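Okay, so here's the structure we're looking at.
Keep in mind the model is a prediction, meaning the values are calculated, not measured.
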2 protein chains.
Amino acid sequence: MISSTKNEQVKSVIELKKKAKARNEAGLFVVEGIRMVTELPKDRTEKLYVSESFLRDTENEKVLSGCPGYEIVTDAVFSAMSDTQTPQGVLALVRQYRYGIDDLLKSKGAAHLMILENLQDPGNLGTILRAGEGAGITGLIMSRDTVDIYNPKVIRSTMGSVFRVPFFYTDDILETAGELKERGIHLFAAHLAGKNNYEQEDYTGNIGFLIGNEGNGLTGALSGMADTWVKIPMSGKVESLNAAVAASILMFETARQRRASAL
Amino acid sequence: MISSTKNEQVKSVIELKKKAKARNEAGLFVVEGIRMVTELPKDRTEKLYVSESFLRDTENEKVLSGCPGYEIVTDAVFSAMSDTQTPQGVLALVRQYRYGIDDLLKSKGAAHLMILENLQDPGNLGTILRAGEGAGITGLIMSRDTVDIYNPKVIRSTMGSVFRVPFFYTDDILETAGELKERGIHLFAAHLAGKNNYEQEDYTGNIGFLIGNEGNGLTGALSGMADTWVKIPMSGKVESLNAAVAASILMFETARQRRASAL
């Protein structure tokens with residue numbers, strides 16, 4: 001049992017929670033809480049840590065079933081490793097995913113991609129992934145300057161979708177957008193200067209939506225790569241929508257059209 | 001000029017930022033930042049505070065035009081009053097709104113109400129108000145146990161919509177739902193057990209959507225008041241959507257149907 005926060009493993013977990021650089025060097029990320037640990041793919045689990053009081057509760061045995069063994073830490077040490085105020089007493093180190101563009105295009109149905117440029121809010125990214133899984137997206141692509149998807153706040157707000165939706169970061173979002181177009185993906189950008197309202201376009205084919213930064217929207221270079229600009233018309237004095245809201249409206253409109261065309 | 005954080009006015013502003021009880025007793029709320037102060041209705045402004053360096057920047061003069069005078073505080077005092085890390089140097093005390101049900105039903109077009117039960121996340125509430133104004137909602141009703149709309153985090157995430165969309169809290173959400181039904185509002189609840197998908201219902205008449213708590217959804221009592229349950233169908237293993245996302249999908253589907261029926 002680990003009883004000191006000076007333990008090397010404990011220090012390493014804390015580093016992995018705090019720093020994207022440490023996560024990327026180790027190729028790992030941290031997943032915390034009963035629900036998230038229950039949903040995580042067991043074959044990706046590198047290491048599991050549980051607190052003494054977690055282990056004492058026999059209700060928790062099923063959370064650990066199928067897991068490859070665990071390390072016990074004192075409740076005080078677990079608190080130091082956790083980033084929640086009321087830790088549930090279980091966290092896992094999980095191997096990062098290595099998806100490529102083919103993983104995002106292999107689904108049987110039409111492609112439905114989300115391409116995010118420089119999104120900064122962890123809650124927005126996690127919410128887009130969670131809503132995206134619900135809307136049936138086939139993958140997520142992020143520019144390198146987007147917030148780290150393995151940030152614990154993102155992981156938590158995905159509610160497990162991070163384990164199921166393929167995604168990758170690209171160093172050159174313009175090149176990736178070009179490759180998607182060559183592969184027959186029609187790219188739409190949500191843009192105030194869009195000619196048509198979003199519901200007037202057809203999303204039943206192979207498509208991708210470009211979503212920009214919370215404060216500044218899409219760069220001119222990336223929105224210039226879009227085949228079609230679409231407008232989300234707005235009442236009142238609202239100039240823009242929260243990025244996760246705008247993305248969700250487009251993703252669920254796509255799902256709606258695909259349900260209608262499948263009838 | 002106020003140069004001490006022990007000044008009674010400064011202590012009062014800090015209380016108003018922190019405590020819903022203080023806000024409700026004073027009938028005031030705090031609005032911070034250049035953009036929000038620019039948007040706020042001048043006739044509701046009770047008092048304005050600016051920092052020394054805010055005042056020194058001549059660019060800022062237009063922010064104060066039309067305002068009824070202001071109190072100057074040192075930069076250090078302003079930092080203590082602010083709840084942001086890089087304060088913009090301007091905040092206002094604003095009188096709370098006193099809307100009633102008639103204010104939410106007086107628009108020329110069909111009613112489009114959002115009825116929130118026990119929402120707890122300030123970001124979700126602010127996002128619903130902002131997206132709601134964009135979707136053309138005519139008002140927002142909240143159960144008494146919903147997070148305080150005058151919480152500074154809510155105010156900030158409304159991006160000014162809080163000044164334009166009428167809203168009120170009700171002590172008895174069931175009674176209010178009953179009154180809405182009597183007044184010809186068709187109530188929809190987003191519910192996993194809904195028979196039809198949400199896009200199969202007609203939202204062009206007088207309607208309201210019931211939205212529940214983030215973790216627990218709607219209570220049985222309130223969802224039982226709905227005329228119709230609707231389902232947002234979901235792919236993958238997603239069990240529920242973020243409350244602001246679910247609300248936005250329904251609000252923008254309503255806006256879409258109303259645009260189509262107006263053609």
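Contact check for B:T45 versus B:L93: no side-chain heavy atoms found under the 4.5 Å cut-off. With a 4.5 Å cut-off on side-chain heavy atoms, B:I141 and B:M114 do not count as touching.
Salt bridge B:R258/B:D202: absent, no basic N to carboxylate O contact under 4.0 Å. Of the charged side-chain nitrogens involved, none lies within less than 4.0 Å of a carboxylate oxygen, so that A:K237 and B:E39 do not count as a salt-bridged pair.
Because its NZ or CZ atom is not both nearer than 6.0 Å to the ring centre of B:Y198 and within 45° of the ring axis, A:R256 does not count as a cation-pi partner of that residue.
Heavy atoms only, all atoms of each residue included: B:A111 and B:L105 are closest at CB-CD2, 3.9 Å. Considering every non-hydrogen atom in both A:T138 and A:A110, the closest pair reads CG2-O, 3.8 Å. Pairing each heavy atom of A:K195 with each of A:K231, the nearest pair is O-NZ, 4.3 Å.
For NZ of B:K42, the number of neighbouring non-hydrogen atoms (other residues, nucleotides, ligands) closer than 6.0 Å is greater than 12.
Of all residues spanning residues 146-168 of chain A, those with a heavy atom less than 4.5 Å away from chain B's heavy atoms are A:S161, A:R164, arranged by number. Proximity to chain B at a heavy-atom threshold of 4.5 Å picks out A:T127, A:R130, A:A131, A:E133, A:G134 from residues 116-134 of chain A, in numerical order.
Contacts of A:I137 with chain B are absent, with no heavy-atom separation under 4.5 Å from either backbone or side chain. For B:L241, the parts sitting under 4.5 Å from any heavy atom of chain A are the backbone and the side chain alike.
In this structure, B:F188 and B:F209 have tilted ring planes: the angle between them lies in the 30° to 60° band.
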